[in-house]
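Notes for the one structure printed next.
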Amino acid sequence: MNELEQELQRRQAAHLYRRRRVVDSAQGAEIVVEGRPLLSFCSNDYLGLANHPAVIAAMQQGAANYGVGSGAAHLVTGHQTPHHRLEEELAAFTGYPRALLFSTGYMANLGAVSALCGAGDAVFEDRLNHASLLDAGLLSRARLQRFPHGDVAALDERLAESKAQRKLIVTDGVFSMDGDIAPLRALADTAQRHGAWLMMDDAHGLGVIGAHGRGAMEVCGLTPRELPLLVGTLGKGFGSFGAFVAADALIIETLIQQARPYIYTTALPPAVAEATRASLRIIQSDEGAERRAHLTALVQRFRAGAQQLGLALMESPTAIQPLLVGDAGKAVQLSEALLATGILISAIRPPTVPEGTARLRITLSAAHTAAQVDALLDALQYIALPLLREDS
Ligand SMILES: *Cc1c(COP(=O)(O)O)cnc(C)c1O
């Protein structure tokens, strides 16, 4: 017990201790946290669908028709009509023959990688991949090799040296803590040259970027043939919950037979699937296109304003606009100073990001107004900038 306490104290001293906040309201640009209204710039509800009336109504109707619990795993009696329809609609949306629902993105990644790779195989991962992808590589017992962020030449060398039977390249589509898009075209070419499979987790891109909301794949012009495995999560841009893998029938059938995080868990509540179907309809409609256009305009407004202030933004074209701080203690200090003025932005620290790259992870949403982005810029000018300059 003493050891646990020492570890917690060490974290606290290093400004790495994490605390939860209790949010009293629904998600939105303005949320109520422990009784206090705040302007939030840290949600992944990029399109503002988590609290959308049509999505709420679909969930209510879904609960009325199908009840709350799915009662069992998909392979027993948990696979209900809403799940099945959602899978068909997600396959059509992404352009793949099949899609398979998982309860969370974390589980989709664990399930896909561990079902397709094992001892004797090799998994190649971008160094900045999401933790669930790295855990998936470890769980699979394949040889896990990490390559420097976005460095396709380094990956190419590793692939050339590898004698593994099966080679799987795994990348985020939009990198969750940096906001940049993976060099998918080059990754696909490299995969093809070495007979490797390419898998992309587009948790932060799907629904949100691309003219039709089809994510990083659409932005980079990749076909399902070039990207045999697509993972999408439904708790971010879709504003609901869950995840899916899109692939051909052979891969999907293999996952159904072999992916333990698919087989040994209760299916999502059917009402959640109904809510997600409503989100997907919005994403594919004119309203979805308008929400994406509004978000793009906000991102441009924010970047132009931040540039004028001389703030060091990262090279991100997406809704994730991190402000690099470096020191974890400083990042926490900035986050707290902004909180005091009513603006909520979380400080992201190691081990979520590499040592020495703590940052404020600012995220924009179609739920924000231009005036709210201006309020953020004001706060950064008068609160954050003076603190950032203190030690330079
Ligand atoms: C959030 C996230 C996940 C996990 O998805 P959940 O549905 O929240 O479990 C997986 N991959 C990436 C890149 C993510 O950002």
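Residue numbers run from 1 in the order of the sequence given. When a ligand or atom number is given, it counts from 1 through the structure's own listing order. For clarity, every value in this text was computed on a predicted model and none was experimentally measured.
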Contact check, G235 vs ligand 1, heavy-atom distance below 4.0 Å: no
Report yes if the side chains of I343 and L380 come closer than 4.5 Å at any heavy-atom pair, otherwise no. no
Is there at least one pair of N or O atoms, one from S176 and one from ligand 1, spaced under 3.5 Å apart? no
Note: D178-R359 ion pair, threshold 4.0 Å (strictly below): yes
For S132, which part has a heavy atom under 4.0 Å from ligand 1: side chain, backbone, both, or neither? side chain
Looking only at protein heavy atoms, identify the closest one to atom 8 (O) of ligand 1 and say how far it is in Å. K236 NZ, 4.4 Å
Need the ligand 1 atom indices (1-based, order shown) with element for anything under 4.0 Å from a heavy-atom of T104. 7 (O), 9 (O)
So, are R85 and E274 salt-bridged, with charged N and O less than 4.0 Å apart? no
Side-chain donor/acceptor of R146 to backbone N/O of R127, under 3.5 Å: yes
for atom 7 (O) of ligand 1, nearest protein heavy atom and its distance come out as G105 N, 2.7 Å
Between E161 and R158, is there a salt bridge with N-O shorter than 4.0 Å? no
Which of Y264, F241, F244, Y262 passes ring pair (Phe, Tyr, Trp, His ring centres under 6.0 Å) with F102? Answer is Y262
Can you list the ligand 1 atoms lying under 4.0 Å from a non-hydrogen atom of N109? 10 (C), 11 (N)
Here the atoms of ligand 1 under 4.0 Å from any heavy atom belonging to T233 are 5 (O)
Hey, is D172 touching ligand 1 through its side chain, its backbone, both or neither, going by heavy atoms under 4.0 Å? side chain
Touching ligand 1 at all, M107? Heavy atoms, strictly under 4.0 Å? no
Among all protein heavy atoms, pick out the one at the shortest distance from atom 15 (O) of ligand 1; state its residue, atom name and that distance to 0.1 Å. H204 NE2, 2.5 Å
If the threshold is 4.0 Å, N to carboxylate O, is there a salt bridge linking D374 and R301? yes
For the 3.5 Å polar cut-off, considering only N or O atoms, please tell me whether Y106 and ligand 1 meet it. yes
I'd like to know if D189 and R193 make a salt bridge, using a cut-off of under 4.0 Å between side-chain N and carboxylate O. no
Among all protein heavy atoms, pick out the one at the shortest distance from atom 11 (N) of ligand 1; state its residue, atom name and that distance to 0.1 Å. D201 OD2, 2.4 Å
Taking NZ, NE, NH1 and NH2 as the nitrogens, is one of them in R10 or E7 under 4.0 Å from a carboxylate oxygen of the other? yes
